[in-house]
A.B. asks: 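Sharing a structure with you now.
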There are 2 protein chains.
Amino acid sequence: MDVRNSVQRNRILELLQQERIHVSAHWVFDQLRGEFPRLSLGNVYRNLHILVDQKLVHRLPLGGTRDVYEAARDDHHHFICDRCGAIIDLPGSDELSRSARELVGQSGGSVSQLSLEIRGICSSCLTGEHRSEPVR
Amino acid sequence: MDVRNSVQRNRILELLQQERIHVSAHWVFDQLRGEFPRLSLGNVYRNLHILVDQKLVHRLPLGGTRDVYEAARDDHHHFICDRCGAIIDLPGSDELSRSARELVGQSGGSVSQLSLEIRGICSSCLTGEHRSEPVR
DNA sequence: CTAACTGCAAACAGTTTGCAGAGTG
DNA sequence: CACTCTGCAAACTGTTTGCAGTTAG
């Protein structure tokens with residue numbers, strides 16, 4: 001099952017790489033409707049799957065109602081606000097990675113491909129001035 | 001809107017506290033069908049929501065197709081296997097918490113209610129002898 | 001040409017909700 | 001009694017899939 005070139009898939013990847021960082025399939029769909037008036041949501045999903053298979057895109061299992069996708073890039077972690085749903089990138093941290101691996105090791109597990117999700121309340125929400133809608 | 005006693009809700013909470021740790025609404029439903037032959041899935045969801053409101057149960061936003069619930073308990077983190085979906089509890093770790101808070105702080109955020117999800121491949125999957133089905 | 005890509009619409013899974021009747025306090 | 005809880009079934013949301021026509025290599 002080869003993969004051929006597709007104008008739409010290229011644009012989806014470009015969008016993820018340039019415009020925003022964490023987006024839903026539906027957001028991609030809305031962005032590209034103007035460009036491809038006959039675009040279908042099903043096709044966006046199919047192309048996102050292909051891009052995930054090619055490891056050009058990550059599907060983030062962050063919970064919530066919609067799946068979230070981001071263009072693949074350097075090691076980093078995610079801080080997710082439990083209140084407004086914002087997803088904030090954090091740079092990779094050797095110290096944090098080491099602590100996490102150690103903790104998992106103590107429970108008899110072993111870890112490859114470590115990735116961390118840190119949940120809490122973001123500073124905007126704490127001060128009450130957070131944006132009105134979650135970034136999705 | 002008061003909350004009254006409900007035999008079924010009590011049993012749901014008991015199940016979560018005793019039988020297993022991380023379960024889906026559907027699993028709860030299946031467990032209690034024998035006991036309550038006319039039980040409905042909708043009611044399981046309603047009661048889980050009530051228990052979450054009462055902070056007796058946590059709803060874990062772990063992604064995947066189904067929501068996952070666990071009885072509320074001491075601080076701990078979750079190690080989630082990206083391959084088999086197993087959710088493994090890890091004890092709280094001051095060192096890990098401190099590293100995480102520091103990393104978030106460096107990005108200008110601030111954190112309350114820190115909870116961590118560590119993703120990777122579990123040891124069973126690495127050695128190829130993991131259970132056949134994800135724990136859900 | 002062959003097989004991948006596409007739009008469309010239907011199917012699907014998990015969750016939520018409106019209703020009328022049963023149960024709690 | 002008043003008002004919550006319940007089963008039932010329908011509605012909803014997000015995602016996947018079957019089909020026939022279009023397009024890339």
Side-chain angles (χ1 to χ4, degrees), chain A residues 1-16 22-54 56-70 85 87 133-136, chain B residues 1-16 22-54 56-70 85 87 133-136:
Chain A
M1 187 169 146
D2 288 337
V3 172
R4 293 185 183 172
N5 193 37
S6 145
V7 185
Q8 311 192 5
R9 185 160 61 244
N10 294 342
R11 284 292 291 130
I12 290 174
L13 182 56
E14 270 181 50
L15 259 190
L16 290 189
H22 314 98
V23 301
S24 66
H26 204 96
W27 181 88
V28 171
F29 177 62
D30 281 339
Q31 295 303 306
L32 295 180
R33 291 181 93 161
E35 214 164 315
F36 307 96
R38 317 200 132 264
L39 182 65
S40 67
L41 194 50
N43 196 39
V44 171
Y45 278 109
R46 271 185 293 226
N47 277 319
L48 283 170
H49 289 331
I50 292 173
L51 291 169
V52 168
D53 284 345
Q54 295 176 327
L56 295 172
V57 165
H58 290 318
R59 181 181 198 162
L60 303 181
L62 301 184
T65 57
R66 296 177 168 184
D67 282 355
V68 176
Y69 300 84
E70 70 173 5
I87 303 165
E133 293 195 31
V135 182
R136 286 283 164 82
Chain B
M1 186 168 145
D2 288 337
V3 173
R4 292 187 182 171
N5 193 38
S6 145
V7 185
Q8 312 191 3
R9 184 159 62 242
N10 294 342
R11 284 293 290 130
I12 291 174
L13 182 56
E14 270 182 49
L15 258 190
L16 291 188
H22 315 98
V23 301
S24 66
H26 204 96
W27 181 87
V28 171
F29 177 63
D30 282 339
Q31 295 301 307
L32 295 179
R33 290 181 94 161
E35 216 164 314
F36 306 95
R38 317 200 130 264
L39 183 64
S40 67
L41 194 49
N43 196 38
V44 171
Y45 278 108
R46 272 185 293 228
N47 277 319
L48 284 171
H49 289 331
I50 292 173
L51 291 169
V52 168
D53 284 346
Q54 295 177 328
L56 295 171
V57 165
H58 289 317
R59 182 180 197 162
L60 304 181
L62 301 184
T65 57
R66 295 176 168 184
D67 282 356
V68 176
Y69 300 85
E70 70 173 5
I87 303 165
E133 293 193 33
V135 180
R136 287 283 164 83

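Bear in mind that the values here come from a model prediction, so they are computed numbers and not experimental data. Note that these values count all heavy atoms, side chains included, but never hydrogens, waters or copies made by symmetry.
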A.B. asks: Would you say B/L60 and B/H58 make side-chain contact, with heavy atoms under 4.5 Å?
C.D. replies: yes

A.B. asks: Does A/H26 reach a base, just sugar-phosphate, or nothing at all? Heavy atoms under 4.0 Å.
C.D. replies: nothing

A.B. asks: Which whole-number value in Å describes the distance from B/F36 CZ to C/dG23 P?
C.D. replies: 13 Å

A.B. asks: Please evaluate the base of C/dG23 for a donor-acceptor partner in the side chain of B/R9 within a cut-off of under 3.5 Å?
C.D. replies: no

A.B. asks: Would you say the side chain of B/R4 and the base of D/dT4 hold a donor-acceptor pair, judged only by whether the two atoms sit under 3.5 Å apart?
C.D. replies: no

A.B. asks: Record whether the side chain of B/R38 comes under 3.5 Å of the base of C/dG21 through a donor-acceptor pair of N or O atoms.
C.D. replies: no

A.B. asks: If each of A/N43 and A/S6 is mapped to the nucleotide of DNA chain D with the nearest heavy atom, which maps nearer the 5' terminus, i.e. the 5' end?
C.D. replies: A/N43

A.B. asks: For A/I50 and D/dT16, give me the distance from atom CD1 to atom P, rounded to whole Å.
C.D. replies: 13 Å

A.B. asks: Within the structure, does a side-chain N or O atom of B/Q8 lie under 4.0 Å from either OP1 or OP2 of C/dG23?
C.D. replies: no

A.B. asks: DNA chain C: A/G42 or B/H49, which has the more 5' nearest nucleotide?
C.D. replies: A/G42

A.B. asks: Using whole Å, what does the distance between atom P of nucleotide C/dG23 and atom CG of B/N10 come to?
C.D. replies: 16 Å

A.B. asks: Using the rule given for side-chain contact (heavy atoms from CB on, under 4.5 Å), can you reason through A/R9 versus A/R46, listing the C-alpha separation, both sets of side-chain angles and the distance that settles it, and then say yes or no?
C.D. replies: CA-CA 9 Å; A/R9 185 160 61 244; A/R46 271 185 293 226; over 6 Å; no

A.B. asks: B/F29: what forms a ring pair (Phe, Tyr, Trp, His ring centres under 6.0 Å) with it, not counting sequence neighbours?
C.D. replies: B/H26

A.B. asks: Is the shortest side-chain N/O distance from B/N5 to OP1 or OP2 of C/dT24 below 4.0 Å?
C.D. replies: no

A.B. asks: Do you see a donor-acceptor pair shorter than 3.5 Å between the side chains of A/N47 and A/Q8?
C.D. replies: no

